[in-house]
Amino acid sequence: MERVSIKGLGKKMNLNLDEDIMRSKPPTRLNHQLVPFSQIQQFSAIQTITENLAEAKKVHVVDFGIWSGVQWTVLMQALVARRECSLELLKITAIGTCSQQVIEGIGKRLETFARLFDVPFSFKIIVLQDMLELKEDLFDLDKEESIVVYARFLLMTMISRPERLESVMKVIKKLNPCVMLVTEVESNHNPPAFTHRFPEVLFYYSAYFDCLEECMERDDENRTVLESMYLGQGIRTILAAEGEERNIRSVKIDVWRAFFSRFGMVEVDLGMASLYQANLMVKKFPCGSSCTLDMNGKCLIIGWKGTPIHSLSAWRFK
């Protein structure tokens, strides 16, 4: 397991939340287990990745903000199960802005799973303090490998700092992945005026709180932490902060489409199997009947009782 650490200037992004998710603390773990959004995104994304890597013998996943990394154990199983194309190497490059020790722990767990599934595996860490430090030469690239970029709630963290967003996209373009999976919040929390942000925040977070009410026990301490710390922090930041301090922002898929087109990207189908996985995951949850799945063009919109919550889309360069 290799690691690269860059000591640049700039603020870290949502450090406490990132670390809590990576350490799989009880509130975030329970949210993953009981609230359907996360698993729908992950399983659908992995299915799309698998379909785009049908003939790839060497696979390189570039994961921005690796979170718990559990989705890559699913990918390992899917790649091993292929009959027509044997896997020579699965390489994961984890890019993070939080504790290197936490990411190393995720890498060790993935190495254990890889040995269990008999998957040729390598794991590399790139720790950044500022996303402007991300450069193509930090990656170990092989001309024979197929690259996948996995960006889960990455882009929204840089909306308030567009120079970083532009810089990251230029690096991704140089990597030229065969597919890029993007998950984002499907709500417009970016208007400059408070009066325009407030109704968007009201509808979005009302739906999320309603989801927790239906999916979790009311007296669960972990739910209290989710509501007061994570969701509460998001509401306060979106409504009360300004400038770069308002680092929790989001825009809808139509805005991202216009943004990606500037870099010569085209949206690709998620695939019928991916949508089938999404529907299977919905049925797995007792509260699944309230979770809605809709298509906006080629993009999957995951919602709660009709209110959009997250979007999942797939992209590649022309």
Side-chain angles (χ1 to χ4, degrees), residues 1-4 21-22 24 32 38-39 41-96 100-128 134 136-154 168 171-172 174-183 268 270-271 273-274 277 281 312 314-317:
M1 181 166 61
E2 300 180 54
R3 53 184 179 272
V4 175
I21 292 170
M22 288 182 179
S24 192
H32 176 80
S38 178
Q39 293 191 44
Q41 298 156 19
Q42 290 183 353
F43 278 86
S44 300
I46 294 303
Q47 184 64 49
T48 300
I49 291 172
T50 303
E51 290 183 5
N52 279 272
L53 298 174
E55 299 179 358
K57 294 185 176 181
K58 294 182 179 180
V59 176
H60 185 178
V61 176
V62 176
D63 189 349
F64 285 87
I66 192 167
W67 294 52
S68 68
V70 65
Q71 67 273 18
W72 304 131
T73 64
V74 180
L75 179 63
M76 289 179 191
Q77 296 176 71
L79 293 177
V80 169
R82 297 182 307 182
R83 297 180 179 179
E84 298 180 358
C85 183
S86 60
L87 181 67
E88 295 181 5
L89 178 65
L90 171 60
K91 181 194 302 182
I92 295 178
T93 298
I95 302 172
Q100 180 169 302
Q101 183 179 1
V102 175
I103 304 177
E104 286 177 347
I106 294 170
K108 290 177 181 177
R109 289 196 295 273
L110 289 175
E111 287 174 347
T112 300
F113 276 105
R115 287 193 295 270
L116 179 65
F117 299 136
D118 196 24
V119 173
F121 181 73
S122 73
F123 188 84
K124 179 177 178 178
I125 302 170
I126 300 177
V127 177
L128 308 169
L134 185 67
E136 183 186 8
D137 58 12
L138 294 175
F139 296 89
D140 292 334
L141 302 176
D142 182 341
K143 292 181 179 179
E144 296 181 357
E145 67 188 13
S146 297
I147 298 176
V148 172
V149 171
Y150 188 72
R152 189 180 181 203
F153 305 121
L154 164 74
V168 168
V171 173
I172 292 174
K174 290 179 180 178
L175 296 178
N176 192 26
C178 65
V179 67
M180 175 176 174
L181 274 295
V182 177
T183 298
V268 299
L270 293 172
S274 176
Q277 283 288 351
M281 293 309 300
L312 173 65
W315 302 83
R316 66 164 57 103
F317 292 93

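Quick note: residue numbers are just sequence positions, from 1. What you are looking at is a predicted structure, and each value in this text was computed from that prediction instead of being measured.
- In this structure Gln77 satisfies the side chain to side chain contact (heavy atoms under 4.5 Å, CB included) test together with Phe117, sequence neighbours excluded.
- The ring-ring contact (aromatic ring centres under 6.0 Å, His included) check on Tyr150 picks up Trp72, with sequence neighbours excluded.
- Residues Cys85 and Ala56 share a closest heavy-atom pair of SG-O, 3.7 Å.
- With sequence neighbours excluded, no residue forms a side-chain hydrogen bond (donor to acceptor under 3.5 Å, both in side chains) with Gln277.
- Formation of a donor-acceptor pair under 3.5 Å by the Lys124 side chain with backbone atoms of Leu138 is found in this model.
- The ring-ring contact (aromatic ring centres under 6.0 Å, His included) check on Phe113 picks up nothing, with sequence neighbours excluded.
- Under a cut-off of 6.0 angstrom, the local environment of CD in Glu144 is sparse, with at most 12 non-hydrogen atoms contributed by other residues, nucleotides or ligands.
- Nearest approach of Phe123 to Ala94, heavy atoms of both residues: CZ-CB, 3.7 Å.
- Applying the side chain to side chain contact (heavy atoms under 4.5 Å, CB included) criterion to Lys174, with sequence neighbours excluded, gives Glu136.
- The main-chain N or O of Leu53 is found under 3.5 Å from a side-chain atom of Arg82 such that the two form a donor-acceptor pair.
- Listed by chain and residue number, Ser44, Gln47, Thr48, Leu270 satisfy the side chain to side chain contact (heavy atoms under 4.5 Å, CB included) test with Ser274 (two or more places apart in sequence, or in another chain).
- For Arg316, the side-chain hydrogen bond (donor to acceptor under 3.5 Å, both in side chains) partners at least two apart in sequence or on another chain are Asn52.
- Residues satisfying the side chain to side chain contact (heavy atoms under 4.5 Å, CB included) criterion with Val74, sequence neighbours excluded, are Phe43, Ile46.
- Qualifying salt bridge (charged side-chain N to carboxylate O under 4.0 Å, His left out) partners for Lys91, counting only residues two or more places apart in sequence or in other chains: Glu145.
- The ring pair (Phe, Tyr, Trp, His ring centres under 6.0 Å) analysis of residues 44-63, with sequence neighbours excluded, yields no pairs.
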